[in-house]
There are 2 protein chains.
Amino acid sequence: MSTAKRNTWQKDAVMHALTEAKGFVSAQQLHLVLKQHGSTIGLATVYRALTELVSLGKADSLQSNEGETLYRDCSTHHHHHLICENCGVTIEIEAEAAEAWASKVAKEHGFTQVTHTIDIFGLCKACSK
Amino acid sequence: MSTAKRNTWQKDAVMHALTEAKGFVSAQQLHLVLKQHGSTIGLATVYRALTELVSLGKADSLQSNEGETLYRDCSTHHHHHLICENCGVTIEIEAEAAEAWASKVAKEHGFTQVTHTIDIFGLCKACSK
DNA sequence: TTGTTATTGATATTCATTATCAATAACACT
DNA sequence: AGTGTTATTGATAATGAATATCAATAACAA
């Protein structure tokens, strides 16, 4: 009984916008982009759609050091990021070793439904000089 | 020239309170505890002290899934956490393998001043059943 | 003791995210 | 196609963590 989900063009729009955006985006940024493309979608709806996408596993999120929640399309494969704290560039990195290590450690302690956060921050080559 | 740091009882108080608190605490929680112990310290000062402790490497922080920044005493050695999303218990884990991997990946991409976030979330043994 | 100035604390402000609620539209069923 | 139910939307108010402001205070070098 029950909470049957409905399909709306708004949800599709957010999904598309998220797929278009390479790398991480904030809800506010997505909302801005959508409006710039002529959409009349509301900010609250963008937040709701993103929350749903995360719970469906179609997107993942992380907290920026400015306190914003950033979202990213996750329909492809699982990977992690190398993020420049100065210019914001993000590089996707494979992390099979870290993956394996994380799930091993979790299992050793009897944890289930394990997820993890593995992100590396620093200054990229260009910003280092 | 300048910016000479000064020692104050407020900074000590925050440091002590943080050491007392086992596990992660928010700035607001620390402030509350301090006031309950009769301190007249201000909330803004607690935030400032915590920020300084983090930059000195005496504390580390992570974002709760409710969007709060949580702090933890880190005067011992570097380590990471296994966190139960249900009951909040945190288990310290050694992560030498992950450490090495993280700095190796970062260097390969020319990154400097590298820090990382490695946290594992899930349901602990007790909360899993 | 004194002068300089980093620090404090009360509070206003910022800003991301959530709650509210009337209006709208998805969709199951005729 | 028409209709009723109700999930969803969107404008906006509300929440709440974190930061900025600024006069008053206190650390500390001389």
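Residue numbers start from 1 in every chain, and the chains themselves are labelled A, B, ... in the order their sequence lines are given, proteins ahead of strands.
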Requested in this report: Rounded off to whole Å, could you give me the CD-to-C1' distance for the A:E52 and D:dA7 pair?
Outcome: 11 Å
Query raised in the report: Checking all strands, does B:L43 fall into the base, sugar-phosphate, or nothing category for heavy-atom contacts under 4.0 angstrom?
Result: nothing
Query raised in the report: Cluster question for you: counting only ILVMFWY and a side-chain heavy-atom cut-off of under 4.5 Å, with indirect links fine, are B:L70 and B:L30 together?
Result: no
Requested in this report: Nearest whole angstrom, please: distance from the P of C:dA16 to the NE2 of A:H31.
Outcome: 13 Å
Query raised in the report: Is there a donor-acceptor pair closer than 3.5 Å between any side-chain N or O of B:H31 and the backbone N or O of B:A27?
Result: no
**Report entry** Under 3.5 Å donor-acceptor, B:H80 side chain and B:I118 backbone
**Finding:** yes
Query raised in the report: Whole-Å distance between D:dA27 P and B:D12 CG?
Result: 11 Å
Query - Check: B:K11 side chain, B:R6 main-chain N or O, donor-acceptor pair, under 3.5 Å - result: yes
Report summary line: When rounded to whole Å, the CD to C1' distance for the pair B:Q29 and D:dG16 reads 14 Å
Report task. Tell me whether A:Y47 is reachable from A:L18 by hopping between hydrophobic residues (I, L, V, M, F, W, Y) whose side-chain heavy atoms are closer than 4.5 Å. Result -> no
Report task. Tell me which of B:Y47 and A:R48 sits closer to the 5' end of DNA chain D, going by the nucleotide each one is nearest to. Result -> A:R48
Every protein N/O within reach of nucleotides 24-30 of chain C N/O, cut-off under 3.5 Å:
residue : atom : partner : partner atom : Å
C:dA26  : N3   : A:R6    : NH1          : 3.2
C:dC27  : OP1  : A:N7    : N            : 3.0

Query - Whether A:F24 and A:H81 hold their rings parallel, tilted or perpendicular, with breakpoints at 30° and 60° - result: perpendicular
Requested in this report: Please determine, by modelled atom types, if A:Q29 and A:Y71 share a side-chain donor-acceptor pair under 3.5 angstrom.
Outcome: no
Query raised in the report: With no hydrogens and no angle check, is any side-chain donor or acceptor of A:S39 less than 3.5 Å from a backbone partner on A:K35?
Result: no
Query - Helical stems, DNA chain D - three or more consecutive Watson-Crick or G-U wobble pairs below 3.5 Å - result: C:1-30 with D:1-30
Query raised in the report: Rounded to whole angstrom units, what separation is found between the CG atom of A:L70 and the C1' atom of C:dT17?
Result: 14 Å
